[in-house]
2 protein chains.
Amino acid sequence: MNIKQLSKKLGLSITTVSRALGGYSDVSQKTKERVKKFAKKYKYSPNLNASRLASNKSNTVGFVLPLYGLNANQLNQSSFFEFIAGMSKKLNNENIHFFMFFANNAEEEKQAYNKLIFVEKVTKIILHNLKTNDDRIKLLTKNKINFVTWGRTKDLKNYSWVDLDNQGSIELIMQNLIEKNHKNICYINIAENYNFAYQRKQGYLKSLKKFNIKYNNKYYITIKNEEPTKSANLIKNLLIKNKKITAIICSTEYTAVGAIKACNELNIKIGKDISIVTFDGPVVERITTPALSAIVHPREQLGIKAVEMLLSMGDINYKHQNFMAKPRLIDRGTIHKVSK
Amino acid sequence: MNIKQLSKKLGLSITTVSRALGGYSDVSQKTKERVKKFAKKYKYSPNLNASRLASNKSNTVGFVLPLYGLNANQLNQSSFFEFIAGMSKKLNNENIHFFMFFANNAEEEKQAYNKLIFVEKVTKIILHNLKTNDDRIKLLTKNKINFVTWGRTKDLKNYSWVDLDNQGSIELIMQNLIEKNHKNICYINIAENYNFAYQRKQGYLKSLKKFNIKYNNKYYITIKNEEPTKSANLIKNLLIKNKKITAIICSTEYTAVGAIKACNELNIKIGKDISIVTFDGPVVERITTPALSAIVHPREQLGIKAVEMLLSMGDINYKHQNFMAKPRLIDRGTIHKVSK
DNA sequence: ATTGACACCCAAAACGTTTTGGTAAAATAT
DNA sequence: ATATTTTACCAAAACGTTTTGGGTGTCAAT
């Protein structure tokens with residue numbers, strides 16, 4: 001069933017049918033309803049290719065998912081799923097399409113963005129995994145693509161973003177630990193060229209300052225290759241050399257796996273001899289006894305907000321917005337009190 | 001740059017340019033090359049909407065990813081990523097598009113398939129998470145959609161599939177365990193209405209028979225809600241009541257988390273007092289000391305094969321094919337030898 | 001010299017929408 | 001009663017491709 005056949009059935013012109021379905025005001029209420037009823041009855045759904053061609057609007061949000069590096073064989077995949085779940089909830093409601101490219105390496109990722117813009121002619125994109133300086137922002141701005149980022153660059157100019165409160169969440173952990181008399185707190189971060197890692201470091205440093213604890217550079221480690229066995233060894237070394245350490249904060253679930261492994265091998269009791277706190281790990285959180293304490297973020301909400309912003313960008317008087325998710329610290333019992 | 005402008009630059013008709021780029025034989029080799037050179041030079045890429053409208057071909061493979069149930073907040077997300085990585089490698093090469101819907105519940109999932117067929121007008125779909133009897137196969141067959149399934153129904157009639165060797169992989173584990181004198185082997189499965197769970201059960205039973213071990217119904221459990229704490233409690237109970245158990249096979253990584261937790265809490269040493277084997281868990285595998293032994297599947301290869309089949313379905317003399325991935329058992333040291 | 005086959009090219013139609021630029025009739029204002 | 005505005009509709013053009021159904025010129029065979 002196409003619009004021509006439908007209009008014939010209705011005894012109306014193609015124009016009127018199209019405009020009735022589009023909700024235009026130059027069609028009477030009565031006709032609109034009749035058209036919609038018929039469309040439903042005959043299961044008419046406009047040919048998207050024709051519609052997009054004619055209107056020159058894609059009504060599609062683009063997204064590139066890297067399947068390598070930070071995201072490959074790693075746990076934070078679940079964070080993507082949550083974010084995507086949020087996006088798709090909003091998009092399904094609004095009847096907007098969602099087009100995703102998958103990139104198996106950096107080259108494909110770059111290509112994917114170009115394809116989104118120049119081949120798919122998508123005009124709305126959600127960007128994520130931001131670097132402290134991110135070329136993609138230039139590319140999108142230059143080509144007049146509406147975009148919202150999930151994450152931030154160091155320089156926050158002229159774009160809309162949603163993000164976790166990276167700095168705030170580590171401050172929350174630090175405050176909690178320090179209130180329990182922890183002074184020798186390790187933070188195992190990932191490479192700082194990811195801006196969220198950079199922000200978390202800032203939070204770590206700021207908390208130390210706030211509570212008058214001297215920064216000890218042995219206590220701050222960045223791990224590039226997150227392979228758990230490797231991080232386990234690093235952390236083992238750290239614990240052997242620095243007996244004073246009473247708490248470890250892990251930036252990713254993979255690192256937390258390493259920390260657990262290290263503690264097990266050294267026969268250090270988690271939640272008794274040492275506190276471990278991690279970020280958003282759906283599985284590892286629950287593996288130890290007691291279960292790992294963790295920062296939890298409403299990632300789905302982030303996805304919803306991002307799409308909301310993106311869709312409202314059509315308005316002429318749209319001004320750049322941002323949304324920062326509130327972290328929650330769930331103490332499952334791996335944060336212990338240290339005697340003074 | 002559109003085809004009209006490009007043809008003007010070339011001094012050729014629109015037809016010839018279109019057919020040159022399409023590789024038709026009624027354009028001279030020389031012209032073809034010239035056209036392609038110009039197309040590259042001026043970064044011409046055909047308007048997909050116009051092209052699809054005119055040719056009535058979508059050149060798009062559809063996929064529905066459920067974000068609930070088995071897949072939500074679970075680990076086997078990584079298995080999707082691997083499969084998708086395979087698909088996208090193949091598709092990116094072939095310049096075929098990949099359209100994905102995300103479904104947050106059963107209703108949305110059903111809708112998503114309908115949208116793929118009737119709105120997006122996709123003619124090729126990859127199906128997964130098959131039930132032992134699966135309605136979707138009827139839907140697709142009825143609407144003449146080409147499809148390949150990842151997984152199988154109980155009834156294997158008239159479709160092409162790729163799959164893990166579920167039965168074979170559990171037989172592999174069983175053989176390995178039994179050779180090491182294990183006789184009291186538990187298998188923790190998930191709900192049997194997923195066909196892969198059903199197949200694995202068959203493998204379990206077959207192995208027992210083969211080695212003349214009597215089936216003990218206390219040793220076979222299915223877990224519906226895979227929440228690790230719950231499985232941990234179930235497994236704890238099991239171990240307390242059945243002291244003879246020397247090996248546990250876990251069907252999913254989440255269950256393995258439960259098993260690890262149970263053993264830790266009961267102070268049973270994994271790899272010494274008890275053997276644990278799991279399926280394809282990228283993280284949990286590596287958390288224990290020694291690391292969990294596991295069945296590993298080449299899921300990426302599965303994705304590649306599925307797409308290959310799907311694309312070759314254009315041929316008139318295509319016959320249904322299937323591909324079963326070979327499992328590997330990686331013994332990382334959690335399989336111990338039992339004294340006779 | 002004529003015919004047939006072949007290589008190479010093209011104008012126009014078609015795909016199914018949306019949008020433009022109207023018109024006629026009805027309602028309202030003068 | 002007439003002029004103006006508003007309401008409700010429509011024919012035709014446009015979007016950028018692919019496909020159809022040709023055509024012309026060249027070359028070899030007769």
Side-chain angles (χ1 to χ4, degrees), chain A residues 1-39 42-60 95-97 115 117-123 314, chain B residues 1-39 42-60 95-97 115 117-123 314:
Chain A
M1 172 69 63
N2 61 25
I3 201 172
K4 197 172 172 183
Q5 297 168 310
L6 185 66
S7 64
K8 203 164 252 172
K9 286 223 189 287
L10 282 154
L12 288 168
S13 73
I14 291 176
T15 307
T16 304
V17 173
S18 172
R19 298 187 74 80
L21 293 171
Y24 284 77
S25 62
D26 60 358
V27 181
S28 73
Q29 198 54 37
K30 212 171 138 191
T31 310
K32 268 183 194 165
E33 276 159 23
R34 206 167 69 91
V35 170
K36 280 176 187 166
K37 205 175 112 192
F38 269 62
Y42 293 106
K43 287 184 189 166
Y44 166 72
S45 101
N47 181 307
L48 286 177
N49 297 317
S51 152
R52 286 174 185 157
L53 175 61
S55 69
N56 197 25
K57 279 177 198 144
S58 70
N59 259 353
T60 301
N95 226 341
I96 304 241
H97 291 83
K115 275 193 196 167
I117 302 173
F118 301 114
V119 182
E120 294 293 329
K121 272 134 191 153
V122 157
T123 51
Chain B
M1 173 69 61
N2 62 24
I3 201 172
K4 199 171 170 185
Q5 297 168 311
L6 185 65
S7 63
K8 203 164 255 173
K9 286 223 189 284
L10 282 155
L12 289 167
S13 72
I14 292 176
T15 308
T16 305
V17 173
S18 173
R19 298 187 76 78
L21 293 172
Y24 284 79
S25 62
D26 60 357
V27 181
S28 74
Q29 197 55 36
K30 210 171 140 191
T31 310
K32 268 183 193 165
E33 275 160 22
R34 206 165 70 92
V35 170
K36 281 177 187 166
K37 203 175 114 193
F38 269 63
Y42 293 106
K43 286 184 188 166
Y44 166 73
S45 103
N47 181 308
L48 286 176
N49 297 317
S51 153
R52 287 173 184 158
L53 175 60
S55 68
N56 197 25
K57 279 177 199 142
S58 70
N59 261 353
T60 300
N95 227 341
I96 304 241
H97 291 82
K115 275 192 196 168
I117 301 172
F118 301 113
V119 182
E120 295 293 330
K121 274 132 191 154
V122 157
T123 51

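No experiment lies behind these values; they were computed from the predicted model shown. Lettering follows sequence order; numbering is per chain, from 1.
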Does a side-chain N or O from B:S28 land closer than 4.0 Å to OP1 or OP2 of C:dC9, or not?
yes
Any donor-acceptor pair under 3.5 Å from B:R52 side chain to A:L48 backbone:
no
Going through the distances and angles, do B:L10 and B:V35 end up as a side chain to side chain contact (heavy atoms under 4.5 Å, CB included)?
CA-CA 7 Å; B:L10 282 155; B:V35 170; 4.0 Å; yes
To the nearest angstrom, the NZ-P distance between B:K8 and C:dC9 comes to 20 Å
What string of B, S and - do you get for nucleotides 15-20 of chain C, 5' to 3', when a contact is any protein heavy atom under 4.0 Å?
BBBBBB
Walk me through whether A:S45 and B:K121 qualify under side chain to side chain contact (heavy atoms under 4.5 Å, CB included).
CA-CA 10 Å; A:S45 101; B:K121 274 132 191 154; 4.2 Å; yes
Rounded to whole Å, CG of A:L10 lies from C1' of D:dC9 at a distance of 13 Å
Sugar-phosphate only, base, or nothing, as touched by B:S25 at under 4.0 Å among non-hydrogen atoms:
nothing
Listing, residues 15-22 of chain A side-chain donor-acceptor contacts under 3.5 Å, not counting sequence neighbours, or none:
unit_1	atom_1	unit_2	atom_2	d
A:T16	OG1	A:S13	OG	3.0
A:R19	NE	A:D26	OD1	3.2
A:R19	NE	A:D26	OD2	3.1

Are A:Y42 and A:K9 close enough that some pair of their side-chain heavy atoms sits under 4.5 Å apart?
yes
A:S7 side chain vs A:I3 backbone, donor-acceptor pair below 3.5 Å
yes
